[in-house]
Amino acid sequence: MQKIFLVNCRKPMVDVFKASGYEVYSLYTAEREVDVPCELEKRGFAPDIILQQESLGSKVFLRGLALVNCIKIFWSVDTHMNMYWHGLYGSLFDGVLTTQKKYVPLLEKVCTAKICWVPWMGGRLGPDTGTQEGVIPHSKREHDMTFVGRVSPQRPSRQWFVDFLKNGYDLNMADGLSVSQMMTLYKQTRIVPNEALFGEVNFRLFEGGSCGCAVVTPYVGEELAELFEDGKEIAVYNNVLELKEILDRLINNPKLAASMGLAAYERVLRDHMPANRMATIIDFAKDLVPQTLNCAENDFLYYQVQAALGETGQSSFLWADIIGGLRRGPGGLIKDTALLRIFAKGRMDKAFMDVVRIYLNSADGTDDVRFNMSASIGNSRIGNWDLAKHFWYRYQKCVRPNEFESPADQVHLLMLWGRELSRSGINMISGVVFNEDKDFPACAAHCYFAALRLDSKNIEIYKRLDSLFDGVMGAEYMRLGFLSHLSLHYPEDWRMSAELGLVNLKVFRLKEGVSELNNSKKIAIAGGYKRFWNRKIGSLEKLLEIVNC
């Protein structure tokens, strides 16, 4: 019999491990830190596996993992929101699970642990979900359509999503419900329209399916087809025109909605229950080998995590504690980059320059984009323009010797570093709100936003931001702003107008999207580009004609 220490795992997962014969010690806590060796000694428990599930409220960190000889696994639930620190924190473990398949290769680049895709799960109606057992027939359900979720100014796409549903349908809205209250409400609902903030496979998909609802969900990637069959178990849309067509069809054909809901329910019971996830986790654990991190390495990684969180204002540690923890780590670029960024953000000019001087006559790190960007922009901010250019030149000479460019001013410098970060794949950081006045750039988007703050009329920055966010799920509302600004400068560009129309449709602005597409069509016809317009719009043209009628 294997012994498993479960940290912040939800009750259905705890129960399924126990029911399968494992000896389980389950801890659910909101404490910032858990001293694992102390906790296990207090309990007299020597686990074969430690499994920590990310808690979606307060962040909980396990300490002392290097002193425990067993397999250690971290389950990253909101990878799409916390990727910027999960890669580092996951390196404290032997294995990392992520609910988002598209993030597996991204985690593999920044995390030393092995990575495995383990999607979220559904729940059996009954005691597991705090509901009465059994599925209610659609004909006896109270609500046509229900959306459970938070709507706030920070989520404009969701506000437009809800506004569209309220204006066209009998929408039942709810927020702040417990799991059992939410599942009870879904049991009384025929259709559950879903919206994803960052193109993620989210809880709502499994929750609605668990209650036999017809879930209408956005396309978020190929992994969706591995979970549910489009057209049979769920309905998938790409924009508000498709969403409208699907919702109208389901409302006008209640039997189709009922059939889809039942098929989703059966799929959940077959493939997406806690027992399915437990089996995947155990199979993954069998192939893991404990890492050989010592206590010092473990401690250094921990403070790198706190530094990453500190940059976004989410660490409970004081800067002095984080700086001290980093300084105890091994010398090199990793430590010095983290320190530079802290000193730059905190306006600790003397400490910043103490690190900078080490590299003035050194070739170390000439090809490291994050280090040189941090040193360059940091020097620019404190008025050391010559040194700001120096770190740009040393990087450029090493990486792009045939593309010499000299920064003209702060805006140009930020744009140069934005381009280099983008070329290195460091485009944006999901889940982080960047304040141009207080925060220090960490990605290409941050550099461009900081540049735009200094030069709000620079059209080239808008173009780069639009290009950067093009195709990024969940970022469409940001593109809307860039494209709206650009379209004012290029009113006769049918491509720009068409793109603005398509993005409007992506963020559920039906009226605005249709109007912009109609406008782009007129411009394209006048210029002799009708067939190119048809090619760009594709299958949406038929839906557009229906709406125009």
Side-chain angles (χ1 to χ4, degrees), residues 1-29 31 33-37 39-40 43 45-56 59-83 85-101 103-121 201 272-294 297-298 301-302 305:
M1 177 192 297
Q2 282 191 312
K3 296 182 177 181
I4 299 184
F5 179 31
L6 301 178
V7 182
N8 284 354
C9 287
R10 292 196 175 183
K11 187 177 182 299
M13 283 299 294
V14 175
D15 291 345
V16 77
F17 273 109
K18 289 180 177 178
S20 299
Y22 293 95
E23 186 176 345
V24 175
Y25 170 29
S26 176
L27 174 68
Y28 201 89
T29 180
E31 292 293 324
E33 294 186 348
V34 175
D35 186 325
V36 175
E39 189 68 36
L40 294 175
R43 178 83 178 200
F45 194 78
D48 300 295
I49 299 174
I50 294 174
L51 171 61
Q52 180 191 6
Q53 180 182 303
E54 177 191 1
S55 49
L56 302 184
K59 293 177 176 62
V60 176
F61 301 97
L62 303 190
R63 302 299 308 272
L65 288 175
L67 298 173
V68 183
N69 185 26
C70 69
I71 295 296
K72 309 166 191 77
I73 301 174
F74 174 63
W75 194 351
S76 171
V77 177
D78 270 357
T79 317
H80 55 290
M81 296 285 286
N82 296 307
M83 174 73 187
W85 67 271
H86 277 189
L88 287 167
Y89 185 63
S91 294
L92 295 169
F93 296 77
D94 308 307
V96 170
L97 316 172
T98 174
T99 57
Q100 309 299 317
K101 189 176 183 180
Y103 280 85
V104 170
L106 301 178
L107 280 168
E108 287 174 338
K109 292 180 180 179
V110 297
C111 186
T112 58
K114 288 190 174 182
I115 314 298
C116 180
W117 178 41
V118 180
W120 196 239
M121 70 204 92
V201 175
H272 303 312
M273 295 298 290
N276 302 106
R277 303 302 182 247
M278 180 200 70
T280 301
I281 294 169
I282 293 300
D283 285 344
F284 176 59
K286 289 176 183 177
D287 294 329
L288 294 178
V289 177
Q291 294 198 72
T292 57
L293 283 177
N294 59 40
E297 292 169 329
N298 195 285
L301 264 174
Y302 177 77
V305 172

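Residues: numbered from 1 along the sequence shown.
Within the structure, the side chain to side chain donor-acceptor pair (under 3.5 Å) test picks out the following pairs touching residues 278-293 (sequence neighbours left out): Thr112-Gln291.
Here the CG atom belonging to Leu97 is positioned 13.0 Å from the CD atom belonging to Gln100, to the nearest 0.5 angstrom. Between atom CZ of residue Phe45 and atom NZ of residue Lys3 there is a gap of 6.0 Å, rounded to the nearest 0.5 Å. Rounding to the nearest 0.5 angstrom, the gap separating the CG atom in Leu6 from the CG atom in Leu27 is 10.0 Å. To the nearest 0.5 Å, atoms CZ (Phe74) and CD1 (Ile115) are separated by 10.5 Å. If you take CD1 on Ile71 and CG on Asp48, they are separated by 9.5 Å, rounding to the nearest 0.5 Å. Annotation: the span from Leu106 atom CG to His80 atom NE2 amounts to 13.5 Å, rounded to 0.5 Å.
Two residues are said to be in side-chain contact when any heavy atoms from C-beta on lie closer than 4.5 Å; Met83 and Val110 meet this criterion. For the pair Tyr25/Leu40, a side-chain contact is recorded, criterion being any heavy-atom separation below 4.5 Å from C-beta on. Side chains of Val36 and Phe5 form a contact here, defined as non-hydrogen atoms less than 4.5 Å apart. In this structure, the side chains of Val96 and Thr79 stay at 4.5 Å or more apart for every pair of heavy atoms. Using a 4.5 Å heavy-atom threshold, the side chains of Asp94 and Ile73 count as separate. Side-chain contact between Glu108 and Val104 is present, with at least one heavy-atom pair separated by less than 4.5 Å. Tyr22 places a side-chain heavy atom less than 4.5 Å from the side chain of Ile282. Phe284 places a side-chain heavy atom less than 4.5 Å from the side chain of Lys114.
Taking the six-membered ring where the residue is Trp, Trp85 and Tyr89 present tilted rings, their angle falling between 30° and 60°. Using bins of under 30°, 30° to 60° and over 60° for the plane-to-plane angle, the ring pair Trp120/Trp75 lands in the tilted bin.
Every residue meeting the side chain to side chain contact (heavy atoms under 4.5 Å, CB included) condition with Met81, not counting sequence neighbours, appears here in chain and number order: Asp78, Phe198. Under the side-chain hydrogen bond (donor to acceptor under 3.5 Å, both in side chains) criterion, Thr99 pairs with no residue at all, not counting sequence neighbours.
Heavy-atom minimum distance, Gln52 versus Leu62: OE1-CG, 3.3 Å. Minimum interatomic distance between Glu54 and Val77 (heavy atoms only, all atoms of both residues): OE1-N, 2.8 Å. The two residues Cys9 and Met13 have their closest heavy-atom pair at CB-CB, 4.4 Å. A pairwise comparison of heavy atoms in Pro47 and Ile50 identifies CG-CG1, 4.0 Å as the closest pair. Between Ser76 and His86, the shortest heavy-atom distance links the atoms OG-ND1, 2.6 Å. Residues Gly90 and Cys111 approach most closely at C-SG, 3.5 Å, considering heavy atoms.
Enclosure of atom NZ in Lys59 by more than 12 non-hydrogen atoms of other residues, nucleotides or ligands within 6.0 angstrom is indicated.
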Check your understanding: Step by step, would you call Ile49 with Gln2 a side chain to side chain contact (heavy atoms under 4.5 Å, CB included)?
Key -> CA-CA 8 Å; Ile49 299 174; Gln2 282 191 312; 4.0 Å; yes
Review point. Between Asn298 and Leu67, does a side chain to side chain contact (heavy atoms under 4.5 Å, CB included) hold up when you go through it step by step?
Key: CA-CA 10 Å; Asn298 195 285; Leu67 298 173; over 6 Å; no
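The backbone N or O of His272 lies less than 3.5 Å from no partner atom in the side chain of Arg277, so there is not a single donor-acceptor pair.
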